[in-house]
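Scroll down for the structure; my scribbles are underneath it.
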Amino acid sequence: MSERPFSQACENNKGPILAVLQQHCQAPGALLEIGSGTGQHAAWLSAQLPHLQWQASDVADNLSGIRLWQQEPANRSLPALELDVSGDWPAGPYRYLFTANTFHIMSAEQVSRCIKQGCERLEAGGAFLVYGPFNYDGRYTSESNARFDAWLKAAGSHRGIRDQEWVVEAFSRHGATLRADHAMPANNRILVFTR
Ligand SMILES: C[S@@+](CC[C@H](N)C(=O)[O-])C[C@H]1O[C@@H](n2cnc3c(N)ncnc32)[C@H](O)[C@@H]1O
C-alpha cells in the first residue's frame, strides 16, 4: 500500500483552523475545500465538524494521497473530486468554501478565478474562508514570511504571498465582503468572506 503524504504544518495548524471554522460554520451545510493537498485537513476537520458535508478536492495528481487519508475511520469527508480552479467546477451551491495555503501557490489569475467561481457557488448567509500568509499595506508581517516569499518566487515566478487588500478587492467584485480577519499561529491569517 502506498504511504500517505504528510505535512507537519497541517498537524500544527488544524486545531487553530478548527476553532475558526466552529465560529463561522455553525449551520449545517455543504463545504467545498479547494486544494486539499495531503488530505489531512479534510480527514480530521470533517470528523470534528459532523454537521458539514465536507467535499475535498484538488488537482488530479493529489487525489490518490487524499483518498488514503480518507480511509481514516473517523473521516467524514466525501471522496476527493478533481478540481483545478482553472477548469470546470462542480455546480454547487455550497454553504461554505474553505482553502488553505493555496493563494500563494496559484498564479494571481488562478486566485482571481477561484474567487469568482467560488463566490458564484456560495450560498447567501454562507462563508468563504481563506487560510494562509498575507501582506498588509504592501509589507510582510514577519521576516520569516519575507524569506518564504523569496523562496516561493524562486520556485515559480507566478507564486507569492498576496496582498490582503488585493484579495478583499477581488472578493468585493463578486459581491462578498470581509467579515473577519483572524490572526493565526506562524504568521498566518484566516480571511472570512460572506455574501
Ligand atoms: C501548499 S499546498 C496546500 C495544501 C493544503 N491545503 C494544506 O494546507 O496543506 C497548495 C495546494 O494548492 C493546490 N493547487 C495549486 N494550484 C491549483 C489549482 N490550479 N487548482 C486547484 N488547486 C491547486 C495544490 O495542488 C496543493 O494541494
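Indexing begins at 1, ligand by ligand and atom by atom, following the structure's order. Just so it is clear, the structure is predicted and the values come from calculations on it, not from any experiment.
At least one N or O atom of Asn62 sits closer than 3.5 Å to an N or O atom of ligand 1.
Among all protein heavy atoms, the one lying closest to atom 10 (C) of ligand 1 is Asn101 O, 3.3 Å. Of the protein's heavy atoms, Gly35 O, 3.5 Å lies nearest to atom 5 (C) of ligand 1. Protein heavy atom in closest approach to atom 20 (N) of ligand 1: Val85 N, 2.9 Å. For atom 12 (O) of ligand 1, the nearest non-hydrogen atom of the protein is Thr102 CG2, 3.4 Å. When only non-hydrogen protein atoms are considered, atom 22 (N) of ligand 1 lies nearest to Asp58 OD1, 3.7 Å. Protein heavy atom nearest atom 15 (C) of ligand 1, with residue, atom name and distance: Ile105 CG2, 3.9 Å. Among all protein heavy atoms, the one lying closest to atom 16 (N) of ligand 1 is Met106 CG, 3.7 Å. If you check which protein heavy atom lies closest to atom 19 (N) of ligand 1, you get Asp84 OD1, 3.0 Å.
Of all atoms in ligand 1, numbered sequentially from 1 with element shown, those under 4.0 Å from a heavy atom of Cys10 are 7 (C), 9 (O). Distances below 4.0 Å separate heavy atoms of His41 from the following atoms of ligand 1: 8 (O). Distances below 4.0 Å separate heavy atoms of Leu83 from the following atoms of ligand 1: 20 (N), 21 (C).
Looking at Glu120 and Lys116, a side-chain N of the basic residue comes within less than 4.0 Å of a carboxylate O on the acidic one, giving a salt bridge.
Gln40 and Glu11 are linked by a side-chain donor-acceptor pair at a separation below 3.5 angstrom, with hydrogens and angles left out of the test. When only modelled atom types and interatomic distance are considered, Ser36 and Asn62 share no side-chain donor-acceptor pair under 3.5 Å. Asn13 and His41 form a side-chain donor-acceptor contact under 3.5 Å, judged by distance and modelled atom types alone. Counted by atom type alone, Tyr131 and Asn188 present one or more donor-acceptor pairs between their side chains at under 3.5 Å.
The line from CZ of Arg189 to CE of Met184 is 10.0 Å long, rounded to the nearest 0.5 Å.
Between His182 and His24, a ring centre-to-centre spacing shorter than 6.0 Å is recorded. Two rings, from Phe171 and Phe128, have their centers less than 6.0 Å apart.
Within the 4.5 Å cutoff, side-chain heavy atoms of Pro133 are placed close to those of Ile161.
Across Ala56, Ala100, Ser86, Ala9, heavy-atom proximity to atom 8 (O) of ligand 1 is greatest for Ala100.
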